[in-house]
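A short worksheet on the structure shown next.
Computed from heavy atoms alone, side chains included, the values below leave out hydrogens, waters and symmetry copies.
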Amino acid sequence: MALIEMKNIIKSFHDPKRKTSLVAVDNVDLAVEQNEFLCILGPSGCGKSTLMNMIAGFENQTSGTVEMNGRRIDAPGVDRGVVFQQPTLMPWLPVWENVSFHLKINGVSSSARKQKAQEYIEMVGLKGFENHYPYELSGGMNQRVGIARALMLNPSVILMDEPFASIDAQTKMDMQEELVKIWEKQKITIIFITHSIDEALILGTKVVVMTRRPGKIREEIPIDLPRPRDITSDAFNQYKRQILDLLKEEGELAKLSAGRQAGS
């Protein structure tokens, strides 16, 4: 049995003002295995984040089922950590308290929280910044805090929605490398949304390519490349060309569809 299963997923959004409905995701079936690093690619607005939000329990599907370990997902849970595109940190708390905040809610003492947080702070490369506040850190460092916080929940799955989209290229490469090391060490499952083909191929054990809206799964591509991955290799670029061809075709289909609608 897969760790996560999405079966016949349809998600529609109703606009009461305009009295219309928009189908965001249409008839998606997706299985995510234990310890998989799944990257989801697709055009803007194709429903990538919507799928992630349903797995996180933030949104409910219109029809179909989302299950984890055979149990229906209908709410957030500590078995699923989430890292957003922008780190959602509490600016009035230092790094160690942001990382360990869920323990504070559960009544764990300050000394025990600080000791536990230290392990994860060091894991993401922030040793020495334990007492810094978010405004004193770079965007990439704040994302590391968000990752440490998600890891400290000890989840089975970490859901990441374009977490490196807004940071510079060098920091992004460093964080991609660190994330792979954490994934290999912690043996967790990661579902990672990205717009970057290179990023998906650097990170993923499998890449899912989605269609234009309403989002469907166009193709699932297992990635058989050694780590660390060489983005200049023939094998890497063969995968890249395959995905580029799929996305190019989706773009052409979108233009044809828009043309038909304009002419109707």
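Separating the CD atom in Glu97 from the OG atom in Ser110 is a distance of 6.0 Å, to the nearest 0.5 Å. For the atom pair CE (Met52) and CE (Met160), the distance works out to 10.0 Å, reported to the nearest 0.5 Å. The line from OG1 of Thr189 to CD1 of Ile55 is 11.0 Å long, rounded to the nearest 0.5 Å. Atom CD1 in Ile40 sits 9.5 Å away from atom CD in Glu220 (nearest 0.5 Å). Gln242 CD to Leu244 CG: the interatomic distance, rounded to the nearest 0.5 Å, is 10.5 Å. Between the CZ atom in Arg213 and the SG atom in Cys46 there is a gap of 9.5 Å [rounded to 0.5 Å].
Residue Leu22 is found outside any hydrophobic cluster, as its side-chain heavy atoms come under 4.5 Å of no other Ile, Leu, Val, Met, Phe, Trp or Tyr.
Residues Tyr239 and Val180 share a single hydrophobic cluster, defined by chaining ILVMFWY side chains whose heavy atoms lie under 4.5 Å apart. Residues Leu137 and Leu93 are members of separate hydrophobic clusters, defined by side-chain heavy-atom contacts under 4.5 angstrom among Ile, Leu, Val, Met, Phe, Trp and Tyr. Cluster membership check: Val25 does not share its hydrophobic cluster with Val23, using side-chain heavy-atom separations under 4.5 Å among Ile, Leu, Val, Met, Phe, Trp and Tyr.
For residues 27-53, the set of pairs meeting the salt bridge (charged side-chain N to carboxylate O under 4.0 Å, His left out) definition, not counting sequence neighbours, comprises Glu36-Lys206. The ring pair (Phe, Tyr, Trp, His ring centres under 6.0 Å) pairs that include a residue from residues 152-198 are Phe37-Trp183, Phe164-Phe192, where partners are two or more places apart or lie in different chains.
Glu249 is listed as a side-chain neighbour of Arg218, based on a closest heavy-atom distance under 4.5 Å. Counting heavy atoms from C-beta on, the side chains of Ile191 and Ile4 come closer than 4.5 Å. Within the 4.5 Å cutoff, the side chain of Ile221 has heavy atoms near those of the Leu246 side chain.
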Donor-acceptor pairs under 3.5 Å, side chain of residues 61-76 to any protein atom, not counting sequence neighbours: which ones?
from  : atom 1 : to    : atom 2 : distance (Å)
Gln61 : NE2    : Gly64 : O      : 3.1
Thr62 : OG1    : Ser12 : N      : 2.8

Scan the side chains in residues 143-158 for donor-acceptor partners under 3.5 Å anywhere in the protein, sequence neighbours excluded, and list what turns up.
from   : atom 1 : to     : atom 2 : distance (Å)
Gln143 : NE2    : Phe84  : O      : 3.1
Gln143 : NE2    : Gln85  : O      : 2.7
Gln143 : NE2    : Pro163 : O      : 2.7
Arg144 : NH1    : Val124 : O      : 2.6
Arg149 : NH1    : Thr88  : O      : 3.0
Arg149 : NH2    : Thr88  : O      : 3.0
Arg149 : NH2    : Thr88  : OG1    : 3.2

Distance-only check: which donor-acceptor pairs under 3.5 Å involve side-chain atoms of residues 227-236, not counting sequence neighbours?
from   : atom 1 : to     : atom 2 : distance (Å)
Arg227 : NH1    : Ile202 : O      : 3.1
Arg227 : NH1    : Leu203 : O      : 3.3
Arg227 : NH2    : Leu203 : O      : 2.7
Arg229 : NE     : Leu225 : O      : 3.4
Arg229 : NH1    : Leu201 : O      : 2.8
Arg229 : NH1    : Gly204 : O      : 2.5
Arg229 : NH2    : Gly204 : O      : 3.2
Arg229 : NH2    : Leu225 : O      : 3.4
Asp230 : OD1    : Thr232 : N      : 2.9
Asp230 : OD1    : Thr232 : OG1    : 2.6
Asp230 : OD2    : Thr232 : OG1    : 3.3
Ser233 : OG     : Asp230 : O      : 3.0
Ser233 : OG     : Phe236 : N      : 3.1

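Annotation: side chain to side chain donor-acceptor pair (under 3.5 Å) contacts of Glu136 (sequence neighbours excluded): none. Listed by chain and residue number, nothing satisfies the side chain to side chain donor-acceptor pair (under 3.5 Å) test with Asn27 (two or more places apart in sequence, or in another chain). For the salt bridge (Lys or Arg N to Asp or Glu O under 4.0 Å) test, no residue two or more places apart in sequence or in another chain qualifies with Glu199. Annotation: salt bridge (Lys or Arg N to Asp or Glu O under 4.0 Å) contacts of Lys114 (sequence neighbours excluded): none. With sequence neighbours excluded, the residues satisfying side chain to side chain donor-acceptor pair (under 3.5 Å) with Asp174 are Gln170. With sequence neighbours excluded, no residue forms a side chain to side chain donor-acceptor pair (under 3.5 Å) with Asn142.
In this structure, Asp224 places its CG atom where only 12 or fewer heavy-atom neighbours from other residues, nucleotides or ligands lie under 6.0 Å away. No more than 12 heavy atoms of other residues, nucleotides or ligands lie within 6.0 Å of CD in Gln115, so this atom counts as exposed by the packing criterion.
No donor-acceptor distance shorter than 3.5 angstrom exists from the side chain of Glu177 to the backbone of Met175, with no hydrogens or angles considered. Under the 3.5 Å distance criterion, the side-chain polar atoms of Gln34 are left unmatched by any main-chain donor or acceptor of Leu3. Here the side chain of Arg113 pairs a donor or acceptor atom with the backbone of Val108 at under 3.5 angstrom. Judged by distance alone, the side chain of Asn53 and the main-chain N or O of Phe58 form no donor-acceptor pair under 3.5 Å. Without hydrogens or angle criteria, Asp161 side chain to Ile193 main chain gives no donor-acceptor distance under 3.5 Å. Side-chain atoms of His132 never come within 3.5 Å of backbone atoms of Pro94 as a donor-acceptor pair (strictly under, hydrogens ignored). Thr211 contributes a side-chain N or O that, together with a main-chain N or O of Lys216, makes up a donor-acceptor pair within less than 3.5 Å.
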Would Glu122 and Gln118 count as a side-chain hydrogen bond (donor to acceptor under 3.5 Å, both in side chains) here? Give the steps.
CA-CA 6 Å; Glu122 293 183 14; Gln118 189 64 34; 3.1 Å; yes
Set out, in order, the CA-CA distance, both residues' side-chain angles and the distance that settles side-chain contact (heavy atoms from CB on, under 4.5 Å) for Met123 and Glu178, then state yes or no.
CA-CA 9 Å; Met123 189 181 297; Glu178 289 300 320; over 6 Å; no
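Cation-pi geometry between Lys116 and Tyr120 is not satisfied (NZ or CZ under 6.0 Å from the ring centre, within 45° of the ring normal).
Of the candidates Ile9, Thr50, Ile10, Ile9 is the only one forming a side-chain contact (heavy atoms from CB on, under 4.5 Å) with Val28. For the side-chain contact (heavy atoms from CB on, under 4.5 Å) criterion with Val208, the lone passing option out of Val32, Leu51, Leu30 is Leu30.
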